[in-house]
There are 2 protein chains.
Amino acid sequence: MENLEKARGGRPRAFDPDQALDAAMHLFWEHGYEATSLAMLREAMGLTPPQIYNAFTDKETLFRKALTRYHETEIGFALDALSAPVPTREAIRRLLQGAAEAYSRPGKPGGCLFVSGALAASPQAHAIADELKAYRKASEAAIADRLAKGQAVGDLPAGFSVESFAKYIAGVMNGMSIQARDGASSDELRIMAQTALAALPPEEQKRGA
Amino acid sequence: MENLEKARGGRPRAFDPDQALDAAMHLFWEHGYEATSLAMLREAMGLTPPQIYNAFTDKETLFRKALTRYHETEIGFALDALSAPVPTREAIRRLLQGAAEAYSRPGKPGGCLFVSGALAASPQAHAIADELKAYRKASEAAIADRLAKGQAVGDLPAGFSVESFAKYIAGVMNGMSIQARDGASSDELRIMAQTALAALPPEEQKRGA
DNA sequence: AATTTTCCATAGTGATCGATACGAAACCTG
DNA sequence: CAGGTTTCGTATCGATCACTATGGAAAATT
């Protein structure tokens with residue numbers, strides 16, 4: 001991607017916005033939207049309040065930009081798994097194993113920002129909670145799409161409910177996020193992923209036996 | 001249980017503490033510990049701040065009492081399922097189905113208070129987040145105990161890892177809690193529970209076929 | 001160099017947070 | 001009734017919340 005910042009005059013920024021956004025993202029990831037105060041952000045980002053507000057408008061906008069950045073930099077495994085040219089079972093296996101790793105990465109907060117960001121919220125933060133819910137719903141829909149594609153190709157039985165199983169997989173990933181937050185190790189999450197995969201009906205053989 | 005309140009003198013309370021605690025519990029359940037303000041509690045409990053503080057010490061104590069009440073009144077299904085004299089698979093089935101129902105009960109906030117109460121928290125509320133984590137860990141341990149008992153009786157294969165599977169089941173229940181919060185219906189959660197159960201190795205036959 | 005534009009740092013805005021001081025009111029024990 | 005005790009309602013407390021007004025400093029444009 002090109003850097004198409006407006007090259008107009010004026011005093012240049014004394015900090016790197018992406019680096020600041022990264023710091024904010026990690027803080028939101030750790031403490032959630034509402035529990036992360038401006039004072040914490042100020043310290044973690046190394047900026048003064050006017051610098052933050054000039055660059056990111058307000059706390060809500062900063063959080064939304066952190067969500068976008070999280071989506072782009074931390075959970076590429078999901079799109080990779082679901083778009084890989086592999087059988088359906090293998091795609092779901094990669095998805096779950098990828099989550100196991102992403103949710104327990106050393107040096108990162110445990111779990112998934114989409115889950116930890118604002119599971120419960122005050123009425124004032126209802127819009128933020130809804131936005132995170134939309135991200136989770138989108139993940140589930142992406143899984144359902146992949147399963148439907150697999151069903152169309154014969155990877156899955158015809159009577160199989162794509163939506164129900166997508167809800168199960170998405171739910172398991174959310175559960176892994178909480179287990180990660182509770183201190184589950186990478187190995188433990190991998191085993192959980194493997195266990196969850198056992199609920200998937202065995203791949204059908206297309207030819208031969 | 002007997003009511004062993006101190007019958008000493010003084011002006012009597014003008015409200016029912018249990019009823020007030022119920023209102024507080026539902027509010028914490030819906031919005032979480034930190035996002036629930038005293039102003040919200042005041043309105044939902046129908047009390048003035050001094051009434052709340054006199055009866056429940058402070059917000060943190062009130063939340064802990066709400067946790068206890070939640071444990072006693074809302075999730076009896078768990079102990080029922082795990083202590084019922086039934087085969088292990090049936091016990092786990094009842095546990096998951098009970099969660100499906102409890103997490104989507106009409107008129108109640110979706111999901112489980114132990115998950116929604118404080119998944120992410122500010123440094124000030126770290127103790128509360130830890131307490132909830134302890135509740136979740138205790139649930140997982142109770143499942144592990146039940147599985148170990150089942151393994152001892154021959155319900156489960158010898159090579160089966162009780163701890164790993166308990167982590168899977170507890171994780172699935174946490175995931176169901178989030179799906180419930182995202183609007184999953186009782187039926188959808190039941191299907192998720194049934195799907196999750198398929199990962200349990202089939203019951204071994206003790207005699208006959 | 002003059003002008004324009006943007007950002008910087010300091011300080012502080014009103015609103016809301018959780019929690020209380022105070023004195024009157026209502027009960028029990030003598 | 002008087003004395004002791006507890007809760008009541010009213011009015012707030014200091015601290016922190018997200019956020020911004022102000023004015024000078026620094027770099028691009030002319």
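A note on names: the letters A, B, ... follow the listed sequences, proteins ahead of strands, and every chain is numbered from 1.
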Report the distance from atom CD of Glu43(B) to atom C1' of dT16(C), rounded to the nearest whole Å.
15 Å
Any Gln51(B) side-chain N or O less than 4.0 Å from OP1/OP2 of dT7(D):
no
Heavy atoms from C-beta onward define the side chain here; which of dC8(D), dA19(C), dA11(C) lies closest to that of Pro49(B)?
dA19(C)
Nearest whole Å is fine: how far is dT16(D) C1' from Glu34(B) CD?
13 Å
Protein-nucleotide distance (Glu60(A), atom CD; dC17(D), atom C1'), rounded to Å:
16 Å
Hey, does Pro12(A) reach any base, or is it just sugar-phosphate, or nothing, if we go heavy atoms under 4.0 Å?
sugar-phosphate
Between dA26(C) atom C1' and Arg13(B) atom CZ, what is the distance in whole Å?
14 Å
Electrostatic pair Arg94(A)-Glu90(A), nearest N-O below 4.0 angstrom
yes
Rounded to whole Å, CD1 of Ile128(B) lies from P of dG18(C) at a distance of 13 Å
To the nearest Å, give me how far apart CG (Leu41(B)) and P (dA19(C)) are.
11 Å
May I ask you to check whether Ser177(A) and Arg181(A) show a side-chain donor-acceptor distance below 3.5 Å?
no
So what does Ala14(A) hit on the nucleic acid, given a heavy-atom distance under 4.0 Å: a base, only sugar-phosphate, or nothing?
sugar-phosphate
At 4.0 Å (heavy atoms only), tell me whether Thr36(B) reaches a base, stays on the sugar-phosphate, or touches nothing.
sugar-phosphate
By the 4.0 Å heavy-atom rule, please label Phe15(B) as base, sugar-phosphate, or nothing.
sugar-phosphate
What orientation do Phe28(B) and Phe63(B) show, parallel under 30°, tilted 30 to 60°, or perpendicular over 60°?
perpendicular
With the threshold set at 4.0 Å, does a side-chain nitrogen-carboxylate oxygen contact exist between Arg69(A) and Asp22(A)?
yes
